[in-house]
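Worksheet for the structure shown next.
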Amino acid sequence: MTFLFLLIVLVGVPFFLFRKKGAGLLSGSLDFRVTRYAKGLLMLGVIMHHLSLCCSPDTCAPWESIVNLFQGSGAFLCSAFFFFSGYGLVHSLMVKEGYLGTIPRRMASILIPYLIANVIYGSVYFLSWEPLEGESLIGRIAACLTNIVYEEAHGSTLVMYAWFIDQILLLYLFFHISNKYLSPLKALFAQLILCMGFIMLIRHLGWGGWRYNSMLAFIFGQLYRYCLVVPSLKRRCAYFILPVLALAACLYVAKACLGMNVPFMGVLACPLYILPGIVILSFLEARPCKLADLVSSASFDIYMYQGICFLLSSYLCLETPSYCLCVLISSLVVGYLAHLMGYRASAFILNVPPISSWIGKGRV
């Protein structure tokens with residue numbers, strides 16, 4: 001019953017947050033507030049995806065189809081998040097003078113709370129580590145660190161589900177370096193090469209597909225924004241579709257003819273499946289909502305700290321409906337408190353205001 005309730009909430013919330021744009025405003029562009037609120041909803045969807053993976057068959061039997069829906073939605077939700085990130089960076093680059101120089105500071109404002117989260121996670125991980133009989137404190141620390149290094153080398157992260165933070169920081173770095181030294185279209189092509197090279201590396205290391213199936217959505221988001229400057233709708237669609245077809249052809253040739261072990265369906269399918277939803281959002285504008293502002297402003301932190309909430313709440317009510325609600329509510333509360341502390345630390349180190357103070361100032 002809990003999953004049905006949460007599904008109704010996630011589906012129903014957009015009807016209260018969004019409304020149709022007025023006549024003459026259906027240009028295909030996305031409003032800043034729409035993308036910000038959409039990111040908050042996507043974050044909630046990702047938490048539900050992780051909760052669905054924890055459900056036992058006995059507890060989810062009445063709503064198995066809903067649970068299966070969330071279980072299969074992770075890559076698509078992350079693709080949408082990457083798409084909005086790429087779109088927002090290009091939009092800001094096009095309309096704000098000197099925006100490229102602010103990206104390192106923006107990366108640091110994500111990295112600093114992430115490092116704080118790693119310290120907290122490391123402490124919880126160490127305290128929950130069961131030492132061997134007679135093992136000294138130094139031996140316990142060494143065993144704990146060895147296991148962390150092993151997990152990191154095999155694709156996991158100390159902060160549970162934090163691969164997403166790793167990836168977004170890497171994509172920001174690709175974006176900054178390429179646009180600093182190249183023209184916009186050349187920079188986009190350079191990022192595509194870097195992303196494909198990273199995907200090949202991940203596959204060579206044997207890491208899971210969740211690490212790369214959403215990455216190209218970051219490129220598609222940038223391409224979509226560049227295409228919006230073309231006045232003709234037919235040419236706009238052609239300029240978006242033709243590069244995607246060319247990429248598909250290159251991947252097919254590499255896989256079928258050259259025998260290269262490259263991903264084909266996942267890296268293209270996940271970003272492309274979310275495009276109809278993106279187009280629908282371009283027809284909408286968001287109603288101001290303080291609660292949505294708070295959740296959206298802290299979405300990165302809520303995402304980072306959901307793992308601790310998974311761990312702590314599992315001792316109380318493992319794999320039950322109460323467990324789902326406990327994790328969801330505690331993730332929102334803990335994540336927002338961590339957001340306040342983390343960005344105050346960023347403000348102290350970087351001399352910038354917390355991200356919550358950006359609400360309503362039109363930043364993308």
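Only a predicted model underlies this, so the values are computations on that prediction, with no experimental measurement involved. Along the sequence shown, residues carry numbers from 1.
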Give a yes or no answer on whether the side chain of [X] reaches the backbone of [Y] with a donor-acceptor pair at less than 3.5 Å.
X: Lys21; Y: Ser282; result: yes
X: Asn147; Y: Ala143; result: no
X: Tyr336; Y: Asp301; result: no

Validation row, ring centre Phe82 to ring centre Phe220 under 6.0 Å: no
Ring centers of Tyr303, Phe164 separated by less than 6.0 Å: yes
Any Phe18 side-chain heavy atom under 4.5 Å of Tyr37 side chain: yes
Euclidean distance, Gln222 CD relative to Ser85 OG, rounded to 0.5 Å: 10.0 Å
Any residue meeting side-chain contact (heavy atoms from CB on, under 4.5 Å) with Cys250, in chain and number order, not counting sequence neighbours: none
Leu194: partners by side-chain contact (heavy atoms from CB on, under 4.5 Å), with sequence neighbours left out: Phe174
Test log, rule side chain to side chain contact (heavy atoms under 4.5 Å, CB included), inputs Gln167 and Ile202: CA-CA 12 Å; Gln167 235 81 327; Ile202 289 176; 4.0 Å; yes
Side chain to side chain contact (heavy atoms under 4.5 Å, CB included) between Leu93 and Ile103, intermediate numbers included: CA-CA 10 Å; Leu93 189 65; Ile103 292 180; 5.8 Å; no
Arg36/Asp293 salt bridge by N-O under 4.0 Å criterion: yes
Test: Glu285 and Arg19 ion pair at under 4.0 Å: yes
Worked check of side chain to side chain contact (heavy atoms under 4.5 Å, CB included) between Lys39 and Ser296: CA-CA 6 Å; Lys39 285 181 178 180; Ser296 301; 5.8 Å; no
